[in-house]
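Since the structure comes first, as structure tokens, the remarks are kept for the end.
Everything numeric in this text was worked out from a predicted model, so none of it was measured.
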Amino acid sequence: MTIIPLPAGDLSELRHASPRVRAILENVLSGGEASEAEGVALFRAEGADKPALYAAADEMRRRANGDRVSFVVNRNINFTNICYMGCRFCGFAKRSEDEGAEFLSLGQVVARAQEAWDRGATEVCIQGGLHPKMEGDHYRRIVLAIKDALPDMHIHAFSPFEIWYGASKSKMGYHEFLADLKAAGLGSIPGTAAEILDTEIRQQLTRNKLSTERWVEIVRAAHEVGIPTTATIMYGHIDGPEHWAAHIALLRSIQKDTGGFTELVPLSFVHTESPLYTQAPDRVRPGPTADEVDKMHAVSRLMLAGWIDNIQVSWTKLGPARAQQMLSRGVNDLGGTLMNESISRAAGASHGQEITAHELVQMIRASGRVPVRRSTVYDIREVYDDHDPQALAPLVARSGAGPLDFLNMFPERIEAAE
């Protein structure tokens with residue numbers, strides 16, 4: 001893919017950067033590509049190199065996306081939390097006999113999808129644990145049930161780990177299994193279960209139950225049958241810059257072949273209730289540092305420039321205030337409204353389950369950007385340049401601070417938004 005350089009902004013920060021980092025950034029800004037080794041160097045940026053890195057990432061965001069910041073109105077539906085895989089970072093999984101274990105019926109899944117549709121959702125994101133008694137065709141039945149009730153709802157569902165499980169249970173190859181789901185109405189797949197695409201790290205996180213090679217094989221198969229996917233990276237535990245740069249470079253390599261990734265979503269490790277941390281706090285970090293969060297979004301923007309041009313921030317992991325800050329670190333997308341959120345909360349995240357479309361628009365405007373509602377695959381549905389979405393009460397009643405309370409510390413931003 002050829003990147004056509006556009007006129008740069010001021011970028012005065014580059015003048016103060018070290019020679020090597022400045023050379024890397026100027027090469028990307030001129031349409032070149034940052035190598036894996038150069039990605040490591042950017043992740044290790046310190047001092048004056050950091051503002052230069054962030055300025056370059058913000059410039060590349062501007063070239064790819066302008067001043068628009070997007071979001072999707074969606075709902076998470078975790079249809080079961082029963083899982084026996086034993087991934088050590090996961091605080092979500094329960095055994096069948098545990099208190100709080102659940103397995104939603106198809107009727108319950110459809111009811112939640114209908115409730116989301118009635119609130120303006122165009123997408124349901126569906127993932128669940130790997131229930132030992134679940135049949136392989138249950139994934140297909142979920143898709144068919146939702147499509148029968150809501151034919152225009154986009155179904156974004158089933159991680160590569162779930163695809164592996166369903167295909168294995170059904171005794172089908174990945175292409176065959178995925179093509180069958182697509183025919184049933186599956187629209188796209190979340191590229192979760194990637195964690196860090198490094199064998200040594202995965203052995204410690206998941207005992208390599210879904211290897212790097214298998215994850216890549218399943219994602220490529222999805223792209224080959226015409227199902228787009230997101231891409232993710234979960235960082236801040238037992239990993240480091242070399243792993244991060246290699247992971248991003250691998251995603252870029254896949255994208256060059258398939259063009260099937262719609263976005264990258266960096267996911268910071270939430271340690272509070274994660275067995276990985278609680279069982280070995282002396283060896284596992286309690287999530288990424290603030291600098292690492294900034295660098296992850298910025299370096300991702302630069303390494304993926306021209307290949308994956310949507311970089312999303314996870315407000316469920318970072319919180320709304322920190323997510324808004326990432327809009328100056330190369331991010332152009334705030335993800336979804338979610339309505340329900342179980343996986344991050346189970347790991348100890350405390351940032352709530354929903355930010356409504358109206359609230360997301362206020363967040364984006366307060367940052368000086370233009371709010372845009374998109375589809376799952378980034379088609380523009382509505383530009384909020386002179387109006388707001390309908391203000392709705394959150395689906396799940398909140399206790400404590402609201403997601404926009406942080407803006408009260410910056411009244412000038414609210415005035416500008418109004």
Side-chain angles (χ1 to χ4, degrees), residues 61-77 110 112-127 143 146-147 149-157 182 185-191 226-232 259-265 308-316 320 323-324 326-327 330-341 353-395 403-404 417:
R61 181 272 314 159
R62 185 188 68 81
R63 296 182 188 185
N65 311 105
D67 282 332
R68 290 182 171 183
V69 175
S70 55
F71 65 90
V72 64
V73 180
N74 68 347
R75 182 177 191 174
N76 274 8
I77 303 175
V110 171
R112 293 191 184 190
Q114 181 69 61
E115 190 173 33
W117 180 264
D118 293 342
R119 290 173 59 83
T122 57
E123 170 200 306
V124 283
C125 178
I126 302 176
Q127 297 183 85
V143 173
I146 294 172
K147 280 295 185 181
L150 299 165
D152 294 327
M153 180 71 86
H154 183 101
I155 301 177
H156 179 65
K182 182 184 178 185
L186 180 65
S188 57
I189 291 175
I227 301 174
T229 75
T230 63
T232 63
F261 289 126
T262 56
E263 69 207 51
L264 172 69
V265 191
I308 303 177
D309 280 332
N310 295 303
I311 306 297
Q312 181 184 124
V313 62
S314 172
W315 61 260
T316 61
Q324 190 198 50
M326 292 303 100
L327 298 181
V331 165
N332 70 293
D333 187 78
L334 285 177
T337 56
L338 300 189
M339 302 189 196
N340 294 108
E341 202 293 315
Q353 300 191 63
E354 177 178 16
I355 301 182
T356 67
H358 188 271
E359 290 167 333
L360 285 170
V361 164
Q362 308 314 309
M363 277 179 60
I364 294 166
R365 283 223 190 97
S367 69
R369 304 283 175 80
V370 179
V372 173
R373 182 172 63 88
R374 62 169 173 87
S375 72
T376 306
V377 294
Y378 285 82
D379 295 324
I380 301 303
R381 294 292 180 87
E382 193 167 4
V383 180
Y384 297 103
D385 48 2
D386 60 359
H387 65 291
D388 288 342
Q390 180 184 1
L392 298 174
L395 184 63
L404 299 189

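- One finds a salt bridge joining D388 and R365 here, because a Lys/Arg side-chain nitrogen approaches an Asp/Glu carboxylate oxygen to under 4.0 Å.
- Under the ring pair (Phe, Tyr, Trp, His ring centres under 6.0 Å) criterion, the residue pairs touching residues 359-385 are Y384-H387, with sequence neighbours excluded.
- Atom-to-atom distance recorded for L334:CG and M363:CE is 5.0 Å, nearest 0.5 angstrom.
- In summary, the side chains of N65 and D309 do not present any donor paired with an acceptor at a separation below 3.5 Å, with no hydrogens or angles considered.
- Residues T337 and L395 have side chains not in contact (no heavy-atom distance under 4.5 Å, counting atoms from C-beta outward).
- Partners of R68 by salt bridge (Lys or Arg N to Asp or Glu O under 4.0 Å), not counting sequence neighbours: none found.
- Side-chain atoms of M153 and Q114, non-hydrogen and from C-beta on, never get closer than 4.5 Å to each other.
- A salt bridge links E354 and R119; the closest N-O separation between the charged side-chain nitrogens and carboxylate oxygens is under 4.0 Å.
- With a 4.5 Å cut-off on side-chain heavy atoms, S70 and R373 do not count as touching.
- For D67, the side-chain contact (heavy atoms from CB on, under 4.5 Å) criterion is met by R61, R369, not counting sequence neighbours.
- Residues T122 and H154 have side chains not in contact (no heavy-atom distance under 4.5 Å, counting atoms from C-beta outward).
- Using a 4.5 Å heavy-atom cutoff, the side chains of V69 and L327 are in contact.
- Under the 4.0 Å criterion applied to side-chain N and carboxylate O atoms, R374 and D333 are assigned as salt-bridge partners.
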